Amino acid sequence: MEVDRADGRTPNQRRPVACTRGILHRAHGSASWAQGDTKVIAAVYGPKAGTRKNENPEKACIEVIWKPKTGQSGKPEREYEMVLKKTLQSICLLNVHPNTTTSIVIQVVNDDGAVSFTLFPCAINAACAALVDAGIPLKHLAVAICCCMAEGGHILLDPSKIEEQKVKAFVYLVFPNSMVSVLPQGSLRPGGEQIEHGIITSVTHGMMAVDDYFSCLKLGRAAAAELSDFLRSSLKSKAGNDPSKAG
Amino acid sequence: MGGSVNGGATDLSSEMEVDAFRRLFPLRFHERHLVESVRPDARPLGKARETSLALGAVGSADGSALAKIGCTTMLAAIKMEVMTPTTEAPDEGCVAIDFHMPAICSPIVRPGRPAEAAPVVSKQLSDTILSSGMIDLKQLSLVSGKAAWMAYLDIYCLDADGALFDAALLAAAAAFSHLQIPVVSLNDDGRIVVVSKQNEVEKLKNKPVNEEKRKLKLKSIPFALTCILHKNYILADPTAEEESIMETLITIVLDSSCQLVSLNKPGGPALAYESVVQDCIALSRQRVRELQTILNEAISDMEVD
(Lines give C-alpha, C1' and ligand atoms only; values in the text may rest on other atoms or scores of the structure.)
Protein backbone atom coordinates (compact mmCIF):
# COMPACT_ATOMS: atom_id res chain seq x y z
CA MET A 1 0.00 0.00 0.00
CA GLU A 2 1.19 3.47 -0.79
CA VAL A 3 -0.07 5.07 2.41
CA ASP A 4 2.33 5.12 5.33
CA ARG A 5 0.88 5.15 8.79
CA ALA A 6 2.82 6.34 11.78
CA ASP A 7 2.70 2.97 13.48
CA GLY A 8 3.44 0.94 10.35
CA ARG A 9 -0.07 -0.42 9.86
CA THR A 10 -1.74 -0.81 6.47
CA PRO A 11 -4.75 1.48 5.84
CA ASN A 12 -7.23 -1.27 6.60
CA GLN A 13 -5.52 -2.74 9.62
CA ARG A 14 -6.93 -2.42 13.12
CA ARG A 15 -4.92 -1.80 16.25
CA PRO A 16 -4.50 -4.89 18.45
CA VAL A 17 -7.60 -5.68 20.49
CA ALA A 18 -7.90 -7.22 23.94
CA CYS A 19 -11.02 -8.11 25.88
CA THR A 20 -11.33 -9.34 29.47
CA ARG A 21 -14.57 -10.21 31.19
CA GLY A 22 -15.60 -10.45 34.82
CA ILE A 23 -13.00 -8.03 36.13
CA LEU A 24 -15.23 -6.31 38.71
CA HIS A 25 -16.35 -8.29 41.75
CA ARG A 26 -19.58 -6.48 42.69
CA ALA A 27 -20.93 -5.76 39.24
CA HIS A 28 -23.43 -8.18 37.73
CA GLY A 29 -21.36 -8.16 34.61
CA SER A 30 -18.21 -6.36 33.57
CA ALA A 31 -15.68 -6.24 30.80
CA SER A 32 -12.71 -4.22 29.71
CA TRP A 33 -11.93 -3.54 26.09
CA ALA A 34 -8.56 -2.27 24.93
CA GLN A 35 -7.77 -1.26 21.39
CA GLY A 36 -4.25 0.03 20.99
CA ASP A 37 -3.81 2.49 23.85
CA THR A 38 -7.51 3.18 24.26
CA LYS A 39 -9.03 1.30 27.16
CA VAL A 40 -12.55 1.30 28.52
CA ILE A 41 -14.18 -0.62 31.37
CA ALA A 42 -17.91 -1.33 31.33
CA ALA A 43 -19.98 -2.56 34.26
CA VAL A 44 -23.58 -3.75 34.13
CA TYR A 45 -25.94 -3.60 37.12
CA GLY A 46 -29.39 -5.03 36.81
CA PRO A 47 -32.06 -5.74 35.91
CA LYS A 48 -33.24 -3.66 38.88
CA ALA A 49 -36.92 -3.17 39.70
CA GLY A 50 -38.83 -0.25 38.21
CA THR A 51 -38.21 2.09 35.31
CA ARG A 52 -37.29 5.72 35.24
CA LYS A 53 -39.72 8.52 34.50
CA ASN A 54 -40.82 8.94 30.87
CA GLU A 55 -39.82 5.36 30.04
CA ASN A 56 -42.19 2.66 28.88
CA PRO A 57 -42.82 0.33 31.86
CA GLU A 58 -43.88 -2.46 29.51
CA LYS A 59 -40.29 -2.81 28.37
CA ALA A 60 -36.94 -3.02 30.11
CA CYS A 61 -35.21 0.32 30.46
CA ILE A 62 -31.53 0.78 29.68
CA GLU A 63 -29.57 3.47 31.47
CA VAL A 64 -26.06 4.48 30.44
CA ILE A 65 -23.68 6.42 32.64
CA TRP A 66 -20.51 7.64 30.96
CA LYS A 67 -17.57 8.59 33.15
CA PRO A 68 -14.75 10.43 31.39
CA LYS A 69 -11.12 9.79 32.29
CA THR A 70 -10.81 13.11 34.11
CA GLY A 71 -13.13 15.96 34.93
CA GLN A 72 -16.88 16.19 34.87
CA SER A 73 -19.14 14.91 32.17
CA GLY A 74 -20.43 17.58 29.81
CA LYS A 75 -22.20 17.76 26.48
CA PRO A 76 -20.02 15.25 24.59
CA GLU A 77 -20.61 12.69 27.34
CA ARG A 78 -24.36 13.35 27.19
CA GLU A 79 -24.26 12.62 23.47
CA TYR A 80 -22.26 9.42 23.97
CA GLU A 81 -24.74 8.30 26.62
CA MET A 82 -27.70 8.93 24.33
CA VAL A 83 -26.19 7.16 21.31
CA LEU A 84 -24.95 4.26 23.43
CA LYS A 85 -28.33 3.90 25.11
CA LYS A 86 -30.19 3.77 21.81
CA THR A 87 -27.66 1.35 20.33
CA LEU A 88 -27.88 -1.03 23.28
CA GLN A 89 -31.67 -0.77 23.32
CA SER A 90 -31.71 -2.07 19.79
CA ILE A 91 -29.71 -5.21 20.62
CA CYS A 92 -31.37 -6.10 23.94
CA LEU A 93 -34.56 -8.15 24.16
CA LEU A 94 -36.51 -5.53 26.08
CA ASN A 95 -39.68 -7.56 26.47
CA VAL A 96 -38.07 -10.28 28.59
CA HIS A 97 -37.78 -8.19 31.75
CA PRO A 98 -40.49 -5.53 31.62
CA ASN A 99 -40.51 -2.73 34.19
CA THR A 100 -36.83 -3.12 35.08
CA THR A 101 -33.81 -0.90 34.65
CA THR A 102 -30.37 -2.12 33.63
CA SER A 103 -27.55 0.34 34.26
CA ILE A 104 -24.40 0.30 32.20
CA VAL A 105 -21.52 2.30 33.58
CA ILE A 106 -18.72 3.14 31.18
CA GLN A 107 -15.42 4.24 32.68
CA VAL A 108 -12.73 5.53 30.34
CA VAL A 109 -9.39 4.24 31.59
CA ASN A 110 -7.05 5.47 28.91
CA ASP A 111 -7.92 7.60 25.96
CA ASP A 112 -5.70 7.48 22.92
CA GLY A 113 -7.50 10.27 21.16
CA ALA A 114 -7.55 14.04 21.39
CA VAL A 115 -11.02 14.38 19.90
CA SER A 116 -11.63 10.93 21.36
CA PHE A 117 -13.51 9.42 18.48
CA THR A 118 -11.78 6.11 18.88
CA LEU A 119 -13.35 5.99 22.30
CA PHE A 120 -16.93 5.45 21.32
CA PRO A 121 -16.44 2.21 19.34
CA CYS A 122 -14.39 0.85 22.24
CA ALA A 123 -17.18 1.66 24.68
CA ILE A 124 -19.79 -0.10 22.51
CA ASN A 125 -17.64 -3.23 22.33
CA ALA A 126 -16.95 -3.15 26.07
CA ALA A 127 -20.63 -2.62 26.91
CA CYS A 128 -21.60 -5.49 24.66
CA ALA A 129 -19.14 -7.89 26.31
CA ALA A 130 -20.30 -6.73 29.75
CA LEU A 131 -23.97 -7.35 28.84
CA VAL A 132 -23.06 -10.88 27.81
CA ASP A 133 -21.12 -11.30 31.06
CA ALA A 134 -24.18 -10.17 33.04
CA GLY A 135 -26.42 -12.58 31.15
CA ILE A 136 -28.79 -9.88 29.85
CA PRO A 137 -30.87 -11.38 27.01
CA LEU A 138 -29.67 -10.03 23.66
CA LYS A 139 -30.90 -10.40 20.07
CA HIS A 140 -27.38 -10.33 18.73
CA LEU A 141 -24.11 -8.60 19.55
CA ALA A 142 -22.98 -5.28 18.19
CA VAL A 143 -19.50 -4.53 16.95
CA ALA A 144 -18.24 -1.00 16.46
CA ILE A 145 -15.41 0.39 14.39
CA CYS A 146 -14.07 3.81 13.43
CA CYS A 147 -12.89 4.88 9.96
CA CYS A 148 -11.42 8.23 9.04
CA MET A 149 -10.64 10.23 5.92
CA ALA A 150 -7.03 11.38 5.90
CA GLU A 151 -6.05 14.62 4.19
CA GLY A 152 -4.95 12.97 0.97
CA GLY A 153 -8.38 11.38 0.56
CA HIS A 154 -7.28 7.97 1.84
CA ILE A 155 -9.52 6.06 4.15
CA LEU A 156 -7.85 4.76 7.29
CA LEU A 157 -9.28 2.18 9.63
CA ASP A 158 -9.20 2.64 13.40
CA PRO A 159 -7.03 5.78 13.64
CA SER A 160 -4.66 6.33 16.54
CA LYS A 161 -3.99 9.53 18.40
CA ILE A 162 -1.26 10.80 16.07
CA GLU A 163 -3.39 10.16 13.01
CA GLU A 164 -6.46 11.81 14.53
CA GLN A 165 -4.96 15.24 14.39
CA LYS A 166 -4.58 15.10 10.63
CA VAL A 167 -7.92 13.74 9.54
CA LYS A 168 -10.65 15.80 7.92
CA ALA A 169 -13.60 13.55 8.63
CA PHE A 170 -14.40 10.41 10.50
CA VAL A 171 -17.21 7.92 10.77
CA TYR A 172 -18.03 5.45 13.46
CA LEU A 173 -20.18 2.54 12.59
CA VAL A 174 -21.91 -0.17 14.59
CA PHE A 175 -22.95 -3.40 12.89
CA PRO A 176 -24.65 -6.54 14.18
CA ASN A 177 -22.22 -9.43 14.58
CA SER A 178 -22.14 -12.07 11.88
CA MET A 179 -24.56 -14.86 12.55
CA VAL A 180 -23.59 -18.49 12.62
CA SER A 181 -26.66 -20.37 11.57
CA VAL A 182 -27.41 -24.00 10.86
CA LEU A 183 -29.72 -22.94 8.07
CA PRO A 184 -27.90 -22.01 4.86
CA GLN A 185 -29.96 -18.83 4.46
CA GLY A 186 -30.02 -18.23 8.21
CA SER A 187 -28.57 -14.76 8.27
CA LEU A 188 -30.42 -13.44 5.25
CA ARG A 189 -33.31 -11.10 5.73
CA PRO A 190 -36.27 -11.43 3.37
CA GLY A 191 -34.87 -8.85 0.94
CA GLY A 192 -31.76 -11.00 0.43
CA GLU A 193 -29.39 -8.71 2.33
CA GLN A 194 -27.30 -10.08 5.16
CA ILE A 195 -28.21 -8.86 8.63
CA GLU A 196 -24.62 -7.99 9.42
CA HIS A 197 -24.66 -5.50 6.54
CA GLY A 198 -27.30 -3.38 8.24
CA ILE A 199 -26.08 -0.33 10.16
CA ILE A 200 -27.24 -0.10 13.77
CA THR A 201 -25.54 3.20 14.46
CA SER A 202 -23.65 5.61 12.27
CA VAL A 203 -22.20 8.91 13.40
CA THR A 204 -20.06 11.10 11.16
CA HIS A 205 -18.07 14.22 11.81
CA GLY A 206 -16.60 16.48 9.16
CA MET A 207 -17.30 16.94 5.46
CA MET A 208 -16.96 14.10 3.00
CA ALA A 209 -18.33 13.09 -0.36
CA VAL A 210 -21.28 10.71 -0.31
CA ASP A 211 -19.23 8.09 -2.18
CA ASP A 212 -16.51 8.27 0.47
CA TYR A 213 -19.09 7.44 3.09
CA PHE A 214 -19.98 4.29 1.23
CA SER A 215 -16.30 3.37 0.90
CA CYS A 216 -15.96 3.78 4.67
CA LEU A 217 -19.02 1.59 5.07
CA LYS A 218 -17.42 -1.17 3.02
CA LEU A 219 -14.16 -0.99 4.93
CA GLY A 220 -15.96 -0.85 8.27
CA ARG A 221 -18.07 -3.85 7.39
CA ALA A 222 -15.03 -5.99 6.65
CA ALA A 223 -13.38 -4.90 9.91
CA ALA A 224 -16.59 -5.52 11.85
CA ALA A 225 -16.72 -9.10 10.57
CA GLU A 226 -13.19 -9.68 11.86
CA LEU A 227 -13.99 -8.05 15.19
CA SER A 228 -17.13 -10.08 15.57
CA ASP A 229 -15.11 -13.29 15.12
CA PHE A 230 -12.73 -12.05 17.81
CA LEU A 231 -15.60 -11.20 20.14
CA ARG A 232 -17.22 -14.58 19.57
CA SER A 233 -14.04 -16.52 20.32
CA SER A 234 -13.24 -14.42 23.38
CA LEU A 235 -16.77 -14.94 24.74
CA LYS A 236 -16.62 -18.67 24.06
CA SER A 237 -13.31 -19.15 25.81
CA LYS A 238 -14.68 -17.96 29.12
CA ALA A 239 -18.24 -19.23 28.92
CA GLY A 240 -19.21 -21.35 31.89
CA ASN A 241 -16.91 -20.00 34.58
CA ASP A 242 -19.52 -17.67 35.98
CA PRO A 243 -19.38 -17.63 39.78
CA SER A 244 -22.57 -16.15 41.22
CA LYS A 245 -21.91 -12.50 41.75
CA ALA A 246 -22.42 -10.89 45.12
CA GLY A 247 -25.71 -8.99 44.97
CA MET B 1 -60.89 8.14 6.95
CA GLY B 2 -63.09 6.20 9.36
CA GLY B 3 -63.62 3.34 6.96
CA SER B 4 -59.97 2.85 6.17
CA VAL B 5 -58.76 1.87 9.61
CA ASN B 6 -60.80 -1.21 10.40
CA GLY B 7 -57.89 -3.40 9.21
CA GLY B 8 -59.96 -6.59 9.06
CA ALA B 9 -59.20 -7.34 12.71
CA THR B 10 -61.50 -9.68 14.52
CA ASP B 11 -61.28 -7.98 17.92
CA LEU B 12 -63.02 -4.85 19.08
CA SER B 13 -60.74 -2.67 16.97
CA SER B 14 -63.02 -3.20 13.99
CA GLU B 15 -65.86 -1.27 15.59
CA MET B 16 -63.91 1.39 17.37
CA GLU B 17 -63.81 5.09 16.73
CA VAL B 18 -60.77 6.31 14.84
CA ASP B 19 -59.47 8.47 17.69
CA ALA B 20 -59.74 5.64 20.20
CA PHE B 21 -58.02 3.25 17.80
CA ARG B 22 -55.23 5.77 17.27
CA ARG B 23 -54.58 5.98 21.02
CA LEU B 24 -54.93 2.30 21.84
CA PHE B 25 -53.13 0.77 18.86
CA PRO B 26 -50.84 3.56 17.65
CA LEU B 27 -48.50 1.28 15.72
CA ARG B 28 -51.32 -0.49 13.88
CA PHE B 29 -53.00 2.83 13.19
CA HIS B 30 -49.85 4.09 11.49
CA GLU B 31 -49.06 0.86 9.68
CA ARG B 32 -52.57 0.80 8.24
CA HIS B 33 -51.84 4.23 6.75
CA LEU B 34 -48.41 3.20 5.49
CA VAL B 35 -49.91 0.33 3.51
CA GLU B 36 -51.88 2.97 1.61
CA SER B 37 -48.69 5.08 1.17
CA VAL B 38 -50.11 7.97 3.12
CA ARG B 39 -49.58 9.36 6.59
CA PRO B 40 -52.16 10.39 9.19
CA ASP B 41 -51.66 14.06 8.27
CA ALA B 42 -52.36 13.24 4.58
CA ARG B 43 -48.72 13.57 3.48
CA PRO B 44 -47.07 11.10 1.12
CA LEU B 45 -44.22 9.19 2.84
CA GLY B 46 -41.32 11.12 1.33
CA LYS B 47 -42.75 14.61 1.71
CA ALA B 48 -41.67 17.07 4.38
CA ARG B 49 -44.13 19.33 6.15
CA GLU B 50 -44.74 22.89 5.08
CA THR B 51 -41.77 25.02 6.04
CA SER B 52 -41.65 28.74 6.66
CA LEU B 53 -38.93 31.12 7.67
CA ALA B 54 -39.04 34.67 9.03
CA LEU B 55 -35.85 36.67 9.42
CA GLY B 56 -35.34 39.32 12.06
CA ALA B 57 -37.84 37.95 14.58
CA VAL B 58 -35.92 39.31 17.59
CA GLY B 59 -35.41 43.07 17.44
CA SER B 60 -32.68 43.32 20.08
CA ALA B 61 -30.46 40.61 18.58
CA ASP B 62 -27.84 41.18 15.89
CA GLY B 63 -29.27 38.38 13.81
CA SER B 64 -32.35 36.26 14.30
CA ALA B 65 -34.82 33.98 12.60
CA LEU B 66 -37.97 32.01 13.31
CA ALA B 67 -38.23 28.68 11.51
CA LYS B 68 -41.32 26.51 11.35
CA ILE B 69 -41.47 23.00 9.95
CA GLY B 70 -45.08 21.98 10.36
CA CYS B 71 -45.76 22.72 14.03
CA THR B 72 -42.12 22.49 15.13
CA THR B 73 -41.04 26.05 15.88
CA MET B 74 -37.51 27.27 16.52
CA LEU B 75 -36.41 30.76 17.40
CA ALA B 76 -32.74 31.50 16.84
CA ALA B 77 -30.94 34.68 17.84
CA ILE B 78 -27.31 35.77 17.66
CA LYS B 79 -25.69 38.23 20.01
CA MET B 80 -22.23 39.55 19.11
CA GLU B 81 -19.63 40.41 21.73
CA VAL B 82 -16.04 41.56 21.43
CA MET B 83 -13.47 39.22 22.97
CA THR B 84 -9.75 38.65 22.96
CA PRO B 85 -8.89 35.81 20.59
CA THR B 86 -6.93 32.81 21.83
CA THR B 87 -3.20 32.69 21.20
CA GLU B 88 -3.58 29.57 19.05
CA ALA B 89 -5.88 31.36 16.62
CA PRO B 90 -5.14 35.10 16.90
CA ASP B 91 -7.07 36.09 13.78
CA GLU B 92 -10.18 34.02 14.30
CA GLY B 93 -13.44 34.73 16.08
CA CYS B 94 -15.55 32.21 17.89
CA VAL B 95 -19.06 30.83 17.73
CA ALA B 96 -20.84 29.43 20.79
CA ILE B 97 -24.03 27.51 20.12
CA ASP B 98 -26.65 26.57 22.67
CA PHE B 99 -29.98 24.84 22.24
CA HIS B 100 -32.72 25.28 24.80
CA MET B 101 -35.87 23.30 25.37
CA PRO B 102 -38.03 25.25 27.82
CA ALA B 103 -41.03 23.60 29.48
CA ILE B 104 -43.34 25.31 27.00
CA CYS B 105 -42.23 23.13 24.09
CA SER B 106 -43.41 19.67 25.03
CA PRO B 107 -45.24 17.75 27.79
CA ILE B 108 -42.17 15.58 28.48
CA VAL B 109 -40.00 18.53 29.46
CA ARG B 110 -40.40 19.58 33.05
CA PRO B 111 -39.47 23.03 34.30
CA GLY B 112 -36.19 23.27 36.16
CA ARG B 113 -34.91 19.96 34.92
CA PRO B 114 -33.10 20.16 31.57
CA ALA B 115 -34.55 17.99 28.82
CA GLU B 116 -32.49 14.95 27.93
CA ALA B 117 -32.52 15.79 24.24
CA ALA B 118 -31.34 19.40 24.63
CA PRO B 119 -27.59 18.90 25.26
CA VAL B 120 -27.45 16.25 22.54
CA VAL B 121 -29.08 18.45 19.90
CA SER B 122 -26.89 21.31 21.06
CA LYS B 123 -23.72 19.27 20.59
CA GLN B 124 -24.84 17.99 17.19
CA LEU B 125 -25.67 21.53 16.09
CA SER B 126 -22.26 22.90 17.00
CA ASP B 127 -20.51 19.92 15.43
CA THR B 128 -22.48 20.33 12.23
CA ILE B 129 -22.20 24.11 11.95
CA LEU B 130 -18.51 24.25 12.79
CA SER B 131 -17.46 21.27 10.66
CA SER B 132 -19.53 22.31 7.63
CA GLY B 133 -17.31 25.36 7.13
CA MET B 134 -20.37 27.57 6.68
CA ILE B 135 -18.77 30.33 8.72
CA ASP B 136 -15.24 31.41 8.04
CA LEU B 137 -14.06 32.30 11.54
CA LYS B 138 -11.47 34.67 10.04
CA GLN B 139 -14.33 36.98 9.04
CA LEU B 140 -15.07 37.45 12.73
CA SER B 141 -11.65 38.93 13.41
CA LEU B 142 -11.37 42.65 14.23
CA VAL B 143 -7.76 43.36 15.15
CA SER B 144 -5.46 40.37 14.81
CA GLY B 145 -4.42 39.07 18.23
CA LYS B 146 -6.28 41.88 20.03
CA ALA B 147 -9.97 41.66 19.34
CA ALA B 148 -12.40 39.38 17.59
CA TRP B 149 -16.11 38.69 17.59
CA MET B 150 -17.71 36.08 19.77
CA ALA B 151 -21.06 35.06 18.30
CA TYR B 152 -23.49 33.63 20.83
CA LEU B 153 -26.15 31.68 18.99
CA ASP B 154 -29.10 30.63 21.13
CA ILE B 155 -31.87 28.51 19.71
CA TYR B 156 -35.13 28.16 21.61
CA CYS B 157 -37.53 25.38 20.82
CA LEU B 158 -41.04 26.83 21.20
CA ASP B 159 -42.96 23.80 19.97
CA ALA B 160 -41.34 20.36 19.75
CA ASP B 161 -43.29 18.40 17.18
CA GLY B 162 -40.59 16.17 15.73
CA ALA B 163 -37.51 16.74 13.57
CA LEU B 164 -36.03 19.14 16.15
CA PHE B 165 -32.55 19.07 14.70
CA ASP B 166 -33.72 19.91 11.17
CA ALA B 167 -35.69 22.93 12.33
CA ALA B 168 -32.91 24.09 14.68
CA LEU B 169 -30.30 23.89 11.93
CA LEU B 170 -32.55 25.79 9.53
CA ALA B 171 -33.17 28.50 12.14
CA ALA B 172 -29.43 28.72 12.85
CA ALA B 173 -28.48 29.02 9.18
CA ALA B 174 -31.18 31.67 8.67
CA ALA B 175 -30.04 33.64 11.72
CA PHE B 176 -26.48 33.69 10.39
CA SER B 177 -27.65 34.91 6.99
CA HIS B 178 -29.58 37.68 8.72
CA LEU B 179 -26.69 38.60 11.01
CA GLN B 180 -25.34 42.12 10.72
CA ILE B 181 -22.05 42.72 12.43
CA PRO B 182 -22.32 45.96 14.43
CA VAL B 183 -20.00 48.94 14.00
CA VAL B 184 -17.24 49.18 16.58
CA SER B 185 -14.64 51.82 17.28
CA LEU B 186 -11.44 52.13 19.27
CA ASN B 187 -11.86 54.34 22.36
CA ASP B 188 -9.22 56.41 24.12
CA ASP B 189 -8.05 53.51 26.32
CA GLY B 190 -7.32 51.44 23.23
CA ARG B 191 -10.33 49.21 23.84
CA ILE B 192 -12.92 48.30 21.30
CA VAL B 193 -16.46 49.47 21.98
CA VAL B 194 -19.66 48.93 20.08
CA VAL B 195 -20.97 52.15 18.50
CA SER B 196 -24.62 52.43 19.37
CA LYS B 197 -27.09 55.15 18.47
CA GLN B 198 -26.62 56.91 21.83
CA ASN B 199 -22.93 57.56 21.40
CA GLU B 200 -22.89 58.66 17.81
CA VAL B 201 -20.94 61.68 18.92
CA GLU B 202 -18.11 59.39 19.89
CA LYS B 203 -18.28 57.82 16.51
CA LEU B 204 -17.27 61.11 15.01
CA LYS B 205 -14.49 61.49 17.54
CA ASN B 206 -13.01 57.98 17.26
CA LYS B 207 -12.47 56.40 13.94
CA PRO B 208 -14.58 53.25 13.68
CA VAL B 209 -12.71 49.99 13.05
CA ASN B 210 -15.25 48.91 10.51
CA GLU B 211 -17.12 51.66 8.70
CA GLU B 212 -20.60 50.22 8.51
CA LYS B 213 -22.63 47.21 9.42
CA ARG B 214 -21.62 44.25 7.34
CA LYS B 215 -22.95 40.81 6.69
CA LEU B 216 -21.14 37.53 7.03
CA LYS B 217 -20.36 35.72 3.82
CA LEU B 218 -21.63 32.21 4.27
CA LYS B 219 -20.11 29.38 2.32
CA SER B 220 -22.07 26.21 1.60
CA ILE B 221 -25.00 26.19 4.03
CA PRO B 222 -25.88 22.80 5.57
CA PHE B 223 -29.48 21.54 5.54
CA ALA B 224 -30.82 18.52 7.39
CA LEU B 225 -33.52 15.96 6.82
CA THR B 226 -34.60 13.42 9.42
CA CYS B 227 -36.27 10.22 8.25
CA ILE B 228 -37.91 7.36 10.11
CA LEU B 229 -37.04 3.84 9.06
CA HIS B 230 -39.84 1.40 9.73
CA LYS B 231 -39.92 -1.99 8.05
CA ASN B 232 -39.54 -1.16 4.35
CA TYR B 233 -40.89 2.35 4.67
CA ILE B 234 -38.97 5.61 4.81
CA LEU B 235 -40.91 8.48 6.34
CA ALA B 236 -39.41 11.91 5.78
CA ASP B 237 -39.69 14.67 8.36
CA PRO B 238 -41.56 12.84 11.16
CA THR B 239 -43.89 14.44 13.68
CA ALA B 240 -43.40 13.88 17.42
CA GLU B 241 -46.14 11.24 17.39
CA GLU B 242 -44.44 9.28 14.62
CA GLU B 243 -41.07 9.59 16.36
CA SER B 244 -42.47 8.14 19.57
CA ILE B 245 -44.06 5.15 17.83
CA MET B 246 -41.46 4.21 15.23
CA GLU B 247 -38.12 4.70 16.91
CA THR B 248 -35.47 4.39 14.22
CA LEU B 249 -34.36 7.85 13.12
CA ILE B 250 -31.71 8.77 10.60
CA THR B 251 -30.61 12.37 10.13
CA ILE B 252 -28.70 13.35 7.02
CA VAL B 253 -27.08 16.75 6.64
CA LEU B 254 -25.97 17.81 3.18
CA ASP B 255 -24.62 21.18 2.12
CA SER B 256 -25.67 23.13 -0.98
CA SER B 257 -23.13 21.24 -3.13
CA CYS B 258 -24.49 17.91 -1.78
CA GLN B 259 -21.38 17.04 0.21
CA LEU B 260 -22.17 14.90 3.23
CA VAL B 261 -21.80 16.95 6.43
CA SER B 262 -23.27 14.43 8.81
CA LEU B 263 -25.08 11.12 8.75
CA ASN B 264 -26.42 10.30 12.14
CA LYS B 265 -28.31 7.16 13.01
CA PRO B 266 -28.34 6.56 16.75
CA GLY B 267 -29.42 2.95 17.10
CA GLY B 268 -33.08 2.03 16.83
CA PRO B 269 -34.75 -1.31 16.11
CA ALA B 270 -34.50 -1.10 12.31
CA LEU B 271 -31.18 -1.64 10.55
CA ALA B 272 -30.12 0.70 7.76
CA TYR B 273 -29.01 -1.19 4.68
CA GLU B 274 -26.95 0.47 2.00
CA SER B 275 -29.91 0.76 -0.38
CA VAL B 276 -32.00 2.44 2.34
CA VAL B 277 -29.20 4.92 3.08
CA GLN B 278 -29.03 5.71 -0.66
CA ASP B 279 -32.78 6.37 -0.71
CA CYS B 280 -32.53 8.64 2.34
CA ILE B 281 -29.70 10.59 0.72
CA ALA B 282 -31.80 11.03 -2.42
CA LEU B 283 -34.67 12.41 -0.30
CA SER B 284 -32.24 14.76 1.46
CA ARG B 285 -30.91 16.07 -1.86
CA GLN B 286 -34.45 17.02 -2.82
CA ARG B 287 -35.05 18.62 0.57
CA VAL B 288 -31.81 20.63 0.36
CA ARG B 289 -33.09 22.26 -2.83
CA GLU B 290 -36.45 23.03 -1.21
CA LEU B 291 -34.86 24.55 1.88
CA GLN B 292 -32.35 26.52 -0.18
CA THR B 293 -35.24 28.11 -2.09
CA ILE B 294 -37.12 28.89 1.12
CA LEU B 295 -34.01 30.50 2.63
CA ASN B 296 -33.28 32.52 -0.51
CA GLU B 297 -36.88 33.78 -0.62
CA ALA B 298 -36.75 34.79 3.04
CA ILE B 299 -33.52 36.71 2.43
CA SER B 300 -34.84 38.51 -0.63
CA ASP B 301 -38.09 39.40 1.20
CA MET B 302 -35.97 40.90 3.95
CA GLU B 303 -33.96 43.01 1.53
CA VAL B 304 -37.10 44.43 -0.11
CA ASP B 305 -38.42 45.70 3.24
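Not measured: the values here are computed from a predicted model. In what follows, chains carry the letters A, B, and so on, assigned in the order in which the sequence lines appear, proteins first and then strands, with residues in each chain numbered from 1.
A salt bridge links A:K75 with B:D98; the closest basic N to acidic carboxylate O contact falls under 4.0 Å.
A search for side chain to side chain donor-acceptor pair (under 3.5 Å) contacts involving A:K59 returns nothing, not counting sequence neighbours.
In this structure, the side chains of A:P76 and B:K123 come closer than 4.5 Å at one or more pairs of heavy atoms. The shortest distance between side-chain heavy atoms of B:N264 and A:S202 does not fall below 4.5 Å. Between A:E79 and B:P119, every side-chain heavy-atom pair lies at or beyond the 4.5 Å cut-off. With a 4.5 Å cut-off on side-chain heavy atoms, B:K265 and A:T204 do not count as touching.
In the displayed structure, B:I108 atom CD1 is contacted under 6.0 Å by at most 12 heavy atoms of other residues, nucleotides or ligands. Remark: A:K218 NZ is loosely packed, at most 12 non-hydrogen atoms of other residues, nucleotides or ligands lying under 6.0 Å away. Counting non-hydrogen atoms of neighbouring residues, nucleotides and ligands closer than 6.0 angstrom, the CG atom of A:L93 exceeds 12 such neighbours.
For the pair B:G268 and A:S90, the tightest heavy-atom approach, listed with the atom from each and the gap, is O-CB, 3.1 Å.
Not one N or O on the side chain of A:T201 forms a donor-acceptor pair closer than 3.5 Å with the backbone of B:P266.
Of the atoms belonging to A:K85, it is side-chain heavy atoms, and not backbone ones, that fall under 4.5 Å from chain B. B:L263 touches chain A through backbone and side chain together, each having a heavy atom under 4.5 Å away. For B:E116, the part sitting under 4.5 Å from any heavy atom of chain A is the side chain, from C-beta outward, and nothing else.
Top candidate by heavy-atom pairs under 4.5 Å with chain B, chosen from A:I199, A:T87, A:V174, is A:I199.
Once rounded to the nearest 0.5 Å, the distance linking NE2 of A:H197 with CG of B:L271 reads 12.0 Å.
Using non-hydrogen atoms only and a strict 4.5 Å limit, the part of residues 206-217 of chain A facing chain B consists of A:G206, A:M207, A:M208, A:A209, A:V210, A:Y213, A:F214, A:L217.
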